[in-house]
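Heavy-atom basis, side chains included; hydrogens, waters and symmetry copies ignored. Chain A is the first sequence line, chain B the second, and so forth, proteins listed ahead of strands; every chain is numbered from 1.
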There are 2 protein chains.
Amino acid sequence: MNTQAEIDDFVLNGHLYYIPHVSLDCAIFGYHDQQLKLLLIKHKAIDGWCLPGGYIKRTEKLVEAANRNVKERTGIDNLFLQQFKTFGDPNRARMDEFDEEKWFEATGIRITKDNWLIDQTISIGFYAITDFSKTELQKDMLIEDCAWFDINELPKLEFDHDEMVSEALHAMRVQLYHYPIGINMLPEKFTLSEIHALYETLLGKKLDVSNFPKKLIALGLLKKLDEKRSIGAHRSPHLYVFDKEKYSQALKDGVVLS
Amino acid sequence: MNTQAEIDDFVLNGHLYYIPHVSLDCAIFGYHDQQLKLLLIKHKAIDGWCLPGGYIKRTEKLVEAANRNVKERTGIDNLFLQQFKTFGDPNRARMDEFDEEKWFEATGIRITKDNWLIDQTISIGFYAITDFSKTELQKDMLIEDCAWFDINELPKLEFDHDEMVSEALHAMRVQLYHYPIGINMLPEKFTLSEIHALYETLLGKKLDVSNFPKKLIALGLLKKLDEKRSIGAHRSPHLYVFDKEKYSQALKDGVVLS
DNA sequence: AATTATTTAGTAAAAATTACTAAATAATAA
DNA sequence: TTATTATTTAGTAATTTTTACTAAATAATT
């Protein structure tokens with residue numbers, strides 16, 4: 001949405017190439033250096049912070065639409081994306097509070113109450129995890145701001161997005177116990193401390209410093225390399241890589257962490 | 001949908017009180033006597049078997065809409081209903097194969113290609129479990145047939161409903177390991193053999209005849225009564241009830257079966 | 001009252017988890 | 001160069017959980 005012509009066309013004709021009444025919202029979790037963050041955006045036409053989201057093209061699969069949305073904001077393609085819940089409460093987005101003037105200012109086009117955008121919408125929630133230090137946040141003409149927030153310092157979100165975040169976080173943590181979904185958050189070669197810190201941060205709880213990595217190794221998910229890395233005084237841990245085959249097997253069949 | 005006037009109104013004005021482009025489908029599993037069945041329906045306007053489903057009223061929450069649909073078919077209200085996935089592939093229901101004449105015959109009203117019903121739809125999948133011996137299947141004017149099928153002898157289903165069933169079954173079984181969702185399938189007072197058979201059937205695998213019930217008791221989910229039941233030669237097992245408090249606690253927080 | 005097969009309690013064996021100890025290591029400082 | 005150091009990581013002991021197996025209790029039947 002980078003030109004006024006694009007915006008005008010989206011508002012007037014969007015219902016022809018997007019599916020009306022259906023949107024999606026993405027809880028994009030970002031990890032780096034033992035910090036867990038969430039990507040939020042501020043629309044020009046809406047006062048508070050929201051999850052990034054958008055509409056689904058009539059030619060797209062749901063996950064493709066989610067991927068397009070994630071890529072538009074973060075610049076990253078083909079992130080691990082997981083559908084976690086669909087939201088459809090009749091008053092999840094109260095359009096009676098719709099401020100026509102503010103929308104006109106923001107979009108440069110007058111949106112009437114019979115426009116396809118101003119109608120009840122159910123929204124499909126996806127979550128993703130990425131390394132936030134590798135993203136390049138991108139706004140567009142309808143987005144005033146786009147930023148990473150620490151997961152423990154989130155502002156109050158608009159609509160039902162608080163509930164979405166809490167459900168997304170829960171779904172992500174449950175999945176983390178059953179599937180190895182951490183591969184995108186670590187460099188190709190990493191230390192046991194790094195993967196230990198990653199899981200502790202994502203799960204929001206302490207894991208045993210010795211037993212947890214041993215479990216990953218016992219499961220066959222990690223392969224030890226002959227290399228080491230110097231990361232400071234008295235510290236030269238071995239480097240590991242994921243065993244690609246075991247990893248994708250575990251993604252398919254599931255594993256159990258404890 | 002029990003009069004021609006209702007059908008006409010639904011076809012012509014349904015988009016005013018239902019959300020267009022969004023439907024829901026319910027995989028209703030039925031258990032009784034160590035048999036697991038699935039409820040299927042045959043629409044008059046469609047050749048093969050389908051999951052029961054319908055549209056969402058603009059005033060309804062998603063789960064309320066699902067509940068209404070389940071009640072319309074089975075006569076049972078307030079079943080345990082669980083959203084498991086939303087389906088939105090662009091070619092999940094190929095409306096180019098829509099047979100206008102057949103629809104006219106079935107519905108008594110001519111549906112043109114610009115009708116709200118003939119457009120791309122994403123569908124929200126729910127599953128439920130009930131005791132099929134307690135249901136009273138109900139058709140309506142648009143439904144030719146409605147019946148329970150053994151889970152191992154399902155016909156090929158229309159649209160993407162085969163995939164829905166497989167996803168629903170998987171979701172139900174995963175949940176069964178984590179939450180006690182069997183309460184509706186047993187009489188209020190039941191024997192350890194009965195709950196053992198229930199779980200074996202739902203999970204589709206053998207569970208130890210002695211250890212499995214012990215686990216349920218150890219978790220505190222079951223309370224032993226002073227009563228027994230005579231169910232045949234040499235058989236007078238104790239009766240048990242669910243501990244309501246522990247049960248709802250486990251529904252909320254989760255438990256782990258193995 | 002004896003017989004029977006299911007029900008269910010009990011326990012032993014095995015496996016998995018958790019807690020703890022200490023050896024190996026390489027960067028630093030003497 | 002050698003001693004010191006704190007992290008890394010291997011090893012093992014303790015504990016808990018799971019699984020497998022045995023047998024006692026039970027009430028309907030003969």
Does a sphere of radius 6.0 Å around [atom1] in [X] hold more than 12 heavy atoms from other residues, nucleotides or ligands, not counting ones at 6.0 Å or beyond?
{"X": "A:Lys244", "atom1": "NZ", "result": "no"}
{"X": "B:Lys42", "atom1": "NZ", "result": "yes"}
{"X": "A:Lys206", "atom1": "NZ", "result": "no"}

*With sequence neighbours left out, what residues match B:Pro213 under side chain to side chain contact (heavy atoms under 4.5 Å, CB included)?*
B:Leu192
*asked:* Which label fits B:Phe190 and B:Phe242: parallel for a plane angle under 30°, tilted from 30 to 60°, or perpendicular past 60°?
replied: tilted
*Please report, rounded to the nearest Å, how far the P atom of D:dA27 is from the CG atom of B:Asp226.*
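Whole-Å distance recorded here is 12 Å.
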*CD1 of B:Ile195 versus P of C:dT7: gap in Å, rounded?*
15 Å
*Do you see a donor-acceptor pair shorter than 3.5 Å between the side chains of B:Thr86 and A:Thr86?*
yes
_Side-chain donor-acceptor pair present, B:Asp131, B:Ser133, cut-off under 3.5 Å_ =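 Per modelled atom types, B:Asp131 and B:Ser133 side chains form a pair under 3.5 Å.
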*Is the shortest distance from a Lys or Arg side-chain nitrogen in B:Arg68 or B:Glu64 to a carboxylate oxygen in the other one below 4.0 Å?*
no
_Dot-bracket for DNA chain D, please. Rules: Watson-Crick or G-U, both distances under 3.5 Å, ( ) within the strand, [ ] when a pair crosses earlier ones, | for another strand, . otherwise._
||||||||||||||||||||||||||||||
*Answer yes or no: does a side-chain N or O of A:Lys228 lie under 4.0 Å from OP1 or OP2 of C:dT25?*
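Answer no for this pair, as no side-chain N or O of A:Lys228 is under 4.0 Å from OP1 or OP2.
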_Counting primed atoms plus P, OP1 and OP2 as sugar-phosphate and everything else as base, spell out the protein contacts along nucleotides 8-19 of chain C at 4.0 Å heavy-atom distance: B, S or - for each nucleotide, 5' to 3'._
SBBB-----SBB
